[in-house]
2 protein chains.
Amino acid sequence: MSKPRAAETQRRTRIQAEKEEQILEAALEVFSRNGFRGSTIDQIAEAAEMSKPNLLYYFRTKETIHRVLIDRLLNTWLDPLRAIDPDGEPLGEIRSYVRRKLEMARDYPRESRLFANEVLQGAPRIQEEMKDLKVLVKEKAEIIAGWSRAGKLADCDPYHLIFSIWATTQHYADFDVQVRAILGKRGDRFEDAARYLDQLFLNGLKP
Amino acid sequence: MSKPRAAETQRRTRIQAEKEEQILEAALEVFSRNGFRGSTIDQIAEAAEMSKPNLLYYFRTKETIHRVLIDRLLNTWLDPLRAIDPDGEPLGEIRSYVRRKLEMARDYPRESRLFANEVLQGAPRIQEEMKDLKVLVKEKAEIIAGWSRAGKLADCDPYHLIFSIWATTQHYADFDVQVRAILGKRGDRFEDAARYLDQLFLNGLKP
DNA sequence: CAATTTTTTGACCATTTGGTAAAGGTTACA
DNA sequence: TGTAACCTTTACCAAATGGTCAAAAAATTG
């Protein structure tokens, strides 16, 4: 009688845990390709191999599923940025950041596209999170600016530096169809990209 | 009686020209924000300030409108890339390319997002165009590779170089909501970005 | 293993959506 | 200025979509 989605204080059953995971996995697949409005509950239900009412038994609405995915995503998405260490060696810190972001684009392309879809469409459902992001970016931008002033990094706008790292790395996830179309079956996309970006940012940012 | 969309050999009337433009303008606005599936004819009709049946008098289907927009877009979108001159001065050519792309992101952000939406969603409607793109990129990549071999440019993967230029410039159109959220009302976004990218690519690519 | 709780299903519903038909209103041109 | 071509609107339709409900089928538990 008590529905699982309302089960605040209750323990989740084994089935609940499994099915919810199954749904989120399917929803990530669907949302990341079609965006929120472009995805249907039926599509998600089919991908999750269950009936629509069954799916809606676990998540009351389409929004709920999307919310959970976005929350999960944001939780880990910014880890590499958080990991930038003010006491680290500047060029090394930037290099690791680029590499970590590129690894995330490789390992979690659907999450990247989910986020890209959301922002492309005006970020209507992540207004709050944008504010937190602003604070975090400001903090890191100030660290970078400090490095620049100390002559340990080229004198450059730290915000645009961060944007360029996001753009170049996420590109491989968000535009992967285009990248594939152009590169064909050419060698190791990831390693080539890593090498190129390393060179670009390293030379581009040397003091 | 003869509908304008079938008017192959007939001259377009003044009203046709005006209304079609009005619709395409509205559709660009809507599609670029919501993607194809996420946009409705009603939304476009409202933005174009006309009734849905009236809109459908000029364009038989939603697909038709989208097609026209995509065709128009691709026609000019690649101009900067085409403009790369094999006989030009290498670093200068790259710089102009970056600047032109950045100008396009500033002046035609909706077109950029229209394209981004399409590619994000797997480029289902632009398979053919992807092939042409591949050919064009290959041609230009070879020019760049030649410059590298001649020692006039850093030794780098020309494909990934092109990707990084696309990514960094289009980012300002595609993720403009995010960029705004982070930069706030800070000065001249465009000039700052231009200066930063100029530095990044110039230093990053010096031989 | 019977009672209770949780999970699944089929039938259903209101709204939205892409698109049509036909009739009324407007233009342009002879 | 009449009329044929063009434009616009109202009313409508079938399919898709987000979501509900009650009853049947599994699980869990005392």
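Here is the naming used below: chain letters follow the sequence lines, and residue numbers restart at 1 for every chain. None of these values were measured; they are calculated from a predicted model.
- What separates NZ of Lys62(A) from C1' of dG19(D) is a distance of 12 Å, to the nearest Å.
- For Glu20(A) and dT6(C), the CD to C1' distance is 13 Å, given to the nearest whole Å.
- The shortest distance between the side-chain N/O atoms of Ser51(B) and the OP1/OP2 oxygens of dT9(D) is below 4.0 Å.
- In this structure, Glu25(A) does not pair ionically with Arg72(A), as no charged nitrogen and carboxylate oxygen lie closer than 4.0 Å.
- Arg33(B) and Glu118(A) are not joined by a salt bridge, as no carboxylate oxygen comes within less than 4.0 angstrom of a charged side-chain nitrogen.
- Taking the ring centroids of His160(A) and Tyr172(B), they lie under the 6.0 Å cut-off.
- Using a 4.0 Å heavy-atom criterion, one finds that Ser39(A) contacts the sugar-phosphate atoms exclusively.
- In this structure, the NZ atom of Lys19(B) is 10 Å from the P atom of dT27(C), given to the nearest Å.
- Between Ile41(B) atom CD1 and dT16(C) atom C1' there is a gap of 12 Å when expressed in whole angstrom units.
- Minimum atom distance to the side chain of Gln16(A) is reached by dT6(C), of the listed dT20(D), dT6(C), dC7(D).
- Candidate nucleotides dG19(C), dA27(D), dG18(C) were compared by shortest atom distance to the side chain of Thr61(B), and dG19(C) ranks first.
- Using a 30° and 60° split on the angle between ring planes, Trp77(A) and Phe115(A) fall in the tilted class, from 30° to 60°.
- One interatomic measurement links the two molecules: CD of Glu63(B) to C1' of dG19(C), which rounds to 11 Å at whole-angstrom precision.
- Of the candidates dT10(D), dT17(D), dT7(C), the closest approach to any side-chain atom of Thr40(A) belongs to dT17(D).
- Taking for each of Met50(A) and Arg37(A) the nucleotide of DNA chain C with the nearest heavy atom, the 5'-most of the two is the partner of Met50(A).
- If you check every strand for non-hydrogen atoms under 4.0 Å, Lys52(B) touches a base.
- Atom CG of Leu56(A) is separated from atom C1' of dT17(D) by 11 Å (rounded to the nearest Å).
- For Ile15(A), the side-chain atoms get nearest to dT8(C) when compared with the rest of dA21(C), dT8(C), dT17(C).
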Under 3.5 Å, sequence neighbours excluded: what are the donor-acceptor pairs made by side chains of residues 130-139 of chain B?
from: Lys131(B); atom 1: NZ; to: Glu128(B); atom 2: OE2; distance (Å): 3.3

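- Relative to the side chain of Asn54(B), the nucleotides dT8(C), dC21(D), dT8(D) differ in distance, and dT8(D) lies closest.
- Between the OH atom of Tyr57(B) and the P atom of dA21(C) there is a distance of 15 Å, rounded to whole Å.
- Here the P atom of nucleotide dG19(D) and the CG atom of Leu55(A) are 11 Å apart, to the nearest Å.
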